[in-house]
2 protein chains.
Amino acid sequence: MARSKPPRPRAHLSKDGVLHTAVALASRDGIESLTMRKLSDELGAGAMSLYHYVPNKEELIDGMVDIVFGEIELPSRNIDWKSALRWRAISTRHVLNRHRWAVGLMESRVTPGPASLRLHDAVLGCLREAGFSIEMTIQAYSVQDAYIYGFALQEKTTPFDDAEESAAVAEEQTRQFAELAEERQFASLAEEFPYLAEVVAGHVAKVGYDFATSFEYGLDLILDALEKRRDAS
Amino acid sequence: MARSKPPRPRAHLSKDGVLHTAVALASRDGIESLTMRKLSDELGAGAMSLYHYVPNKEELIDGMVDIVFGEIELPSRNIDWKSALRWRAISTRHVLNRHRWAVGLMESRVTPGPASLRLHDAVLGCLREAGFSIEMTIQAYSVQDAYIYGFALQEKTTPFDDAEESAAVAEEQTRQFAELAEERQFASLAEEFPYLAEVVAGHVAKVGYDFATSFEYGLDLILDALEKRRDAS
DNA sequence: AATCTACCCGTACACTGTACGAATTGCTAG
DNA sequence: CTAGCAATTCGTACAGTGTACGGGTAGATT
């Protein structure tokens, strides 16, 4: 009785709607499973309808990335520069954790969208107003963003979310390596990679590793160092 | 006269050969155009022959990534830790520049290969022997790698290689934005994003931007800050 | 009511990774 | 030297991808 072609009730689309459901889908199922057909299904439309709002998949992703940029909080103008930049960095990490698929794509797109431009401008402005020279502003910007996005990259595919889970994972991986070593005629982890063993099996497995704490440690290290360099010039 | 099926002279393959030509192909044409069929063509073999050496494309890429890890120079044991780590960082940047396709993939693979383990162990060892506590070693490792891979990410898709070219690109992009602003009823770059304009049009277009210099500036900033924190404990 | 324009989408095509199983090669044991 | 076998190569087929093309249909404008 199932008609093979129930005439669709006509979908009503918009560029914003397309982009936002695309983001939602990518964040839920991962970007590698985001398909023009799946996206259009989710919207109750035909696959080719999407092409009225987006010229191709590449530019669809550009749009998605700019939505993610838009979720990052701009550095506040009412507090000191270090706190402001600290907070926007933490905000960036949060957003990137919500949208892991975006991690390798944010900084490496060719054509930046408006939200991206707005954020970049705000960060540069924050540094300039804090008394950094143009040259130092560029450097400061570069270090911070490299760190932020690089850190997100490390976090992207880790199978744990907090310190406790990290300990469990470390233990599990250590065990797996031991198996693998036995299976072949390998040396043990401790013999072949003593320092790695010390850190993974000896420390993380016992104490755990917390990404949030680690991120802020490195962030403060960088911001403090930037301040010193500014004052020295 | 062209036979549609010249019986192939039988390819002689090996896992190493497959992996290395895959790396060469990806580095030349970009990873998005690396196809099982293209790879097998390059090797003078049929597409399905590859699957005798590699279970699937995902693990092929794992292998390729580990080859890239293998090209990174280990930190030397014969010099002070800061110089050693400085050099391995610079070496990493060079390698990643040779293999841009690998940039988002190095740190985010699930199963690390032997070269990756070796490098990680060596870096951790360098820090431990330099007197860092286990906790600080982990932090130091995290900051450095986040910075290195994040920086590589920024470099990944930039269309210039040195300071001169960067100036030309900055000028061109400024011009393009002006066009776009005129086309719609937009405000100009300088009005909408004043700080961005100052940096891009005002500075980079005139002086240029050199990635290598910038990278080392941030790298030294981080290494110096790490040393201070070590000495303070 | 007629026209037009913006929007929607079915079909088709080239290209992807890879499951399956058949063909061939080179080695090893008799 | 031969029989048999295991390792290796690969042709065919299939489901799934992005998207070019062109025909349709709804809603606004005259």
Side-chain angles (χ1 to χ4, degrees), chain A residues 2-23 25-26 28-65 101-102 104-105 109-111 184, chain B residues 2-23 25-26 28-65 101-102 104-105 109-111 184:
Chain A
R3 291 157 298 170
S4 63
K5 288 195 190 167
R8 211 190 295 277
R10 188 170 187 92
H12 205 61
L13 305 178
S14 73
K15 179 157 186 179
D16 252 40
V18 169
L19 256 38
H20 275 93
T21 49
V23 167
L25 235 50
R28 174 143 49 78
D29 306 335
I31 196 159
E32 70 286 339
S33 85
L34 176 68
T35 278
M36 297 307 262
R37 277 175 252 256
K38 282 208 199 109
L39 176 54
S40 63
D41 276 3
E42 187 78 14
L43 290 159
M48 291 313 290
S49 305
L50 302 177
Y51 287 89
H52 199 260
Y53 301 93
V54 159
N56 52 51
K57 194 178 185 183
E58 206 60 21
E59 296 210 19
L60 169 76
I61 293 177
D62 279 349
M64 294 166 63
V65 164
W101 56 269
L105 305 174
R109 297 269 98 184
V110 265
T111 40
R184 315 180 193 182
Chain B
R3 293 157 297 170
S4 63
K5 288 194 190 169
R8 214 189 295 277
R10 187 170 187 91
H12 205 61
L13 305 178
S14 73
K15 178 158 186 179
D16 253 39
V18 169
L19 256 37
H20 275 94
T21 49
V23 168
L25 235 51
R28 175 143 48 79
D29 306 334
I31 198 159
E32 70 287 339
S33 84
L34 176 68
T35 278
M36 296 307 262
R37 277 174 253 255
K38 282 208 199 110
L39 176 54
S40 64
D41 275 3
E42 187 78 14
L43 290 159
M48 291 313 291
S49 305
L50 301 177
Y51 287 89
H52 199 259
Y53 299 96
V54 158
N56 52 51
K57 196 180 184 182
E58 206 60 19
E59 295 210 18
L60 169 76
I61 293 178
D62 279 347
M64 293 166 63
V65 164
W101 56 269
L105 306 173
R109 297 268 99 183
V110 266
T111 42
R184 314 179 195 186

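Letters A, B, ... are given to chains in the order of the sequence lines, protein chains preceding strands, and every chain is numbered from 1. Hydrogens, waters and symmetry mates play no part in the numbers below; they use all other heavy atoms, side chains included.
B/His52 places its NE2 atom 16 Å from the P atom of C/dT18, with the value rounded to the nearest Å. The interatomic distance linking B/Leu43 (CG) with D/dC10 (C1') rounds to 14 Å, in whole Å. Note: NE2 (B/His12) to C1' (D/dA7) measures 11 Å, nearest angstrom. At whole-Å resolution of the value, CG in A/Asp41 and P in C/dC8 are 15 Å apart. A straight line from CG of B/Leu13 to P of C/dT25 spans 15 Å, rounded to a whole angstrom. Protein atom CG of B/Leu50 is 13 Å distant from nucleotide atom P of C/dA19, rounded to whole Å.
Closest to the A/Ala45 side chain, of the nucleotides C/dC9, C/dC7, D/dA7, is C/dC9.
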**Asked** What one-letter contact string describes nucleotides 13-26 of chain D from 5' to 3', where B marks a base within less than 4.0 Å of any protein heavy atom, S marks contact via sugar-phosphate atoms alone, and - marks no contact?
**Response** B---BBBBB----S
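The side chain of A/Ser49 contributes an N or O atom lying less than 4.0 Å from OP1 or OP2 of C/dC9.
With values rounded to the nearest 0.5 angstrom, A/Thr21 atom OG1 is found 14.0 Å from A/Lys38 atom NZ. In this structure, CE on B/Met36 lies 7.0 Å from CG on B/Leu39, to the nearest 0.5 angstrom. Distance check: A/Lys57 NZ to A/Leu50 CG gives 11.0 Å after rounding to the nearest 0.5 Å. One finds the CZ atom of A/Arg109 at 4.5 Å from the CD atom of A/Glu58 (value rounded to the nearest 0.5 Å).
Remark: A/Thr35 pairs with no residue by the side chain to side chain donor-acceptor pair (under 3.5 Å) rule, at least two apart or across chains. Residues meeting the side chain to side chain donor-acceptor pair (under 3.5 Å) test with A/Arg37, sequence neighbours left out: none. Taking the side chain to side chain donor-acceptor pair (under 3.5 Å) definition, one finds that A/Glu59 meets it with nothing, sequence neighbours left out.
In this structure, the side chains of A/His52 and A/Leu13 stay at 4.5 Å or more apart for every pair of heavy atoms.
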**Prompt:** Going through the checks in order, is the side chain to side chain contact (heavy atoms under 4.5 Å, CB included) test met by B/Tyr53 and B/Leu60?
**Reply:** CA-CA 9 Å; B/Tyr53 299 96; B/Leu60 169 76; over 6 Å; no
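At least one donor-acceptor pair under 3.5 Å links the side chain of B/Ser33 to the backbone N or O of B/Asp29.
Comparing the local axis fitted to the first five base pairs of the helix from C/dA2-D/dT29 to C/dG30-D/dC1 with the one fitted to its last five gives a bend of 0°, rounded to 10°.
Within residues 14-22 of chain A, no residue has any heavy atom closer than 4.0 Å to DNA chain D.
Just one of B/Asp62, B/Ile61, B/Leu19 meets the side-chain contact (heavy atoms from CB on, under 4.5 Å) condition when paired with B/Val54; it is B/Leu19.
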